[in-house]
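Written out below as structure tokens is the structure these notes cover.
So you know, we letter chains A, B, ... as the sequences are listed, proteins then strands, and number each from 1.
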Amino acid sequence: VAKDEERYLLQALEFENVLRACLYRYTRNSADVEELLQETYARLLTAGAANEPEVRSVRAFSLTVARNVAFDWLRHKQIVPIELVADMEAMDVLDERDQIDAIVNSHQELALLVKAVQELPERCRQVFTLRKVYGYSQKEIAARMNITENTVEQQLTKAARHCAQALFDQPLGERHGTFFDRFRKRRQAHDGGE
Amino acid sequence: MAASDVAAAAVAWLIRLEAQTSPEIWDRFQEWLDADPRHRAVFIRLRTAWTHCDRLKLLRPADGRIDPDLFMVLGTPPRP
């Protein structure tokens with residue numbers, strides 16, 4: 001996977017909650033949000049690979065892509081969105097609020113992950129801890145805990161999904177990620193400011 | 001493929017490739033990645049989160065003790 005193609009997608013992960021909120025306005029259903037979010041990310045990846053001028057605001061661009069995905073979906077379902085204009089105005093408010101919420105620090109982000117790990121079932125948490133804190137291989141974890149490698153794989157799978165949700169799908173207003181701030185700073189340094 | 005199936009397949013690949021890989025497995029993975037842009041997108045999302053979890057190595061006790069229940073002695077992090 002070529003890194004540069006991923007740039008829009010990687011930046012969009014930092015406001016996944018905003019994208020989810022946007023999509024939810026049209027679908028009113030979390031299973032459909034999941035579906036449309038994947039499509040949004042896929043289009044961001046395609047856009048990142050396209051030979052087009054660089055997008056100025058990835059946030060605005062991502063929201064436009066999400067809305068287009070939602071419109072296509074609504075059209076496909078032959079639903080006419082009544083509150084379209086009102087929704088788009090509301091999204092702008094949401095944007096501003098999230099930008100304020102995005103002022104965060106590194107300690108808080110670690111705390112967020114710690115909380116996510118504490119929420120895992122016991123065995124899942126132990127397997128995760130040996131893997132991610134102590135760097136054990138899956139084989140070593142299986143031997144140490146006297147479980148099969150298949151079980152180790154299952155538990156890590158569960159843990160990875162949970163951590164991804166915790167990092168990217170935080171309720172609006174409760175953001176404290178910061179890996180993204182560092183990512184953004186690196187990009188800005190690289191781009192010579194936005 | 002339903003969204004939940006794509007997510008399940010992506011995370012399965014992520015963890016499987018961490019345990020073992022061979023040219024055959026790698027080819028099958030590439031095939032899956034290329035089958036649908038959504039596959040690649042969802043995989044990148046999970047890989048980013050998973051790599052990010054490596055920061056938890058900072059919590060490793062300095063005395064070299066291996067404690068699988070480490071997180072339970074950390075207490076609940078204070079709310080910001």
Side-chain angles (χ1 to χ4, degrees), chain A residues 1 6 9-10 13 16 31-32 34-46 104-105 107-115 117-118 120 122 125-135 137-139 144-145 149 152-154 156-161 163-168 176 179, chain B residues 1-21 29-30 32-61 64-80:
Chain A
V1 183
E6 300 175 7
L9 168 56
L10 290 177
L13 289 174
E16 179 170 300
D32 290 325
E34 213 55 48
E35 194 78 37
L36 300 192
L37 185 66
Q38 288 186 0
E39 180 59 27
T40 303
Y41 284 160
R43 289 193 193 181
L44 288 174
L45 199 55
T46 309
V104 280
N105 71 51
H107 171 74
Q108 287 170 334
E109 186 208 61
L110 208 57
L112 179 82
L113 271 176
V114 168
K115 183 169 160 286
V117 178
Q118 287 174 336
L120 295 171
E122 185 181 14
R125 171 172 49 74
Q126 292 172 339
V127 169
F128 175 88
T129 304
L130 290 174
R131 178 81 196 102
K132 281 303 192 188
V133 178
Y134 296 103
S137 70
Q138 294 186 24
K139 203 187 272 284
R144 187 190 160 105
M145 292 183 68
E149 286 183 54
V152 171
E153 202 173 296
Q154 281 167 16
L156 288 177
T157 296
K158 194 189 291 182
R161 293 187 80 156
C163 290
Q165 286 311 105
L167 275 173
F168 302 136
H176 24 257
F179 137 75
Chain B
M1 213 182 199
S4 54
D5 295 335
V6 176
V11 74
W13 273 118
L14 179 76
I15 301 301
R16 191 177 312 151
L17 290 171
E18 207 179 62
Q20 49 162 343
T21 190
F29 171 59
Q30 290 300 330
W32 178 81
L33 269 188
D34 293 337
D36 184 334
R38 284 192 198 198
H39 293 184
R40 194 177 287 270
V42 172
F43 183 82
I44 291 168
R45 175 183 184 272
L46 281 160
R47 189 206 60 205
T48 304
W50 196 234
T51 309
H52 194 43
C53 287
D54 290 335
R55 283 197 65 220
L56 291 168
K57 284 200 173 64
L58 290 170
L59 302 176
R60 202 169 163 160
R65 182 170 46 94
I66 306 289
D67 179 9
D69 291 312
L70 181 71
F71 283 92
M72 298 330 274
V73 300
L74 292 172
T76 312
R79 301 269 312 161

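Options Arg161(A), Lys132(A), Glu153(A) differ in how many heavy-atom pairs under 4.5 Å they form with chain B, and the most are formed by Lys132(A). When each of Val152(A), Thr129(A), Leu36(A) is checked for heavy-atom pairs under 4.5 Å with chain B, Thr129(A) comes out on top. Each of Leu58(B), Leu14(B), Ile66(B) has some count of heavy-atom pairs under 4.5 Å with chain A, and the biggest count is that of Ile66(B). Each of Glu122(A), Arg131(A), Lys158(A), Arg43(A) has some count of heavy-atom pairs under 4.5 Å with chain B, and the biggest count is that of Arg131(A).
Under the 6.0 Å cut-off for aromatic ring centres, Trp50(B) and Phe128(A) qualify, their centroids lying closer than that.
Closest non-hydrogen pair, Leu113(A) versus Cys53(B), comes out as CD2-SG, 4.0 Å. A pairwise comparison of heavy atoms in Val11(B) and Ala160(A) identifies CG2-CB, 3.7 Å as the closest pair. Taking all atoms of both residues into account, the shortest heavy-atom contact from Val133(A) to Leu59(B) is CG1-C, 4.5 Å.
In this structure, no portion of Ser137(A) lies under 4.5 Å from any heavy atom of chain B. For chain B, the nearby parts of Gln165(A) are the backbone and the side chain; heavy atoms of each come within less than 4.5 Å. For a residue to count as touching a neighbouring chain, one of its non-hydrogen atoms must lie under 4.5 Å from one of that chain's; by this rule Glu18(B) touches chain A with backbone and side chain alike. Both the backbone and the side chain of Ala8(B) come within contact range of chain A, judged by heavy atoms closer than 4.5 Å. Only the side chain of Leu9(A) comes within contact range of chain B, with at least one heavy atom under 4.5 Å from a heavy atom of that chain. For Gln126(A), the parts lying under 4.5 angstrom from a heavy atom of chain B are both the backbone and the side chain. Only the side chain of Arg144(A) comes within less than 4.5 Å of a heavy atom in chain B; its backbone stays farther off. Neither the backbone nor the side chain of Lys139(A) comes within contact range of chain B; no heavy atom of the residue lies under 4.5 Å from a heavy atom of that chain.
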*asked:* Go through it in stages, so that I can follow the logic: the residues are Ile15(B) and Gln138(A), the test is side-chain contact (heavy atoms from CB on, under 4.5 Å), and I'd like the CA-CA distance, side-chain angles, deciding distance and then a yes or no.
replied: CA-CA 9 Å; Ile15(B) 301 301; Gln138(A) 294 186 24; 3.4 Å; yes
_Between Phe71(B) and Leu120(A), does the side-chain contact (heavy atoms from CB on, under 4.5 Å) criterion hold? Intermediate values first, please._
CA-CA 10 Å; Phe71(B) 283 92; Leu120(A) 295 171; over 6 Å; no
*Show your reasoning for whether side-chain contact (heavy atoms from CB on, under 4.5 Å) applies to Leu10(A) and Arg45(B).*
CA-CA 7 Å; Leu10(A) 290 177; Arg45(B) 175 183 184 272; over 6 Å; no
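In this structure, the side chain of Gln38(A) does not engage the main chain of Arg38(B) through any donor-acceptor pair within 3.5 Å. Judged by distance alone, with hydrogens and angles left aside, the side-chain atoms of Tyr134(A) form a donor-acceptor pair with the main-chain N or O of Asp67(B) at under 3.5 Å.
The shortest distance between side-chain heavy atoms of Thr48(B) and Leu13(A) falls below 4.5 Å. Residues Leu56(B) and Val114(A) meet the side-chain proximity criterion, which asks for heavy atoms closer than 4.5 Å. Here the side chains of Glu6(A) and Arg47(B) are in contact, with some heavy-atom distance below 4.5 Å.
Residues satisfying the salt bridge (charged side-chain N to carboxylate O under 4.0 Å, His left out) test with Asp36(B), not counting sequence neighbours, are none. Every residue two or more places apart in sequence or in another chain that forms a side-chain contact (heavy atoms from CB on, under 4.5 Å) with Thr46(A) is listed here: Pro37(B).
With rounding to the nearest 0.5 Å, the separation of NE2 in His52(B) from CG in Leu110(A) is 8.5 Å.
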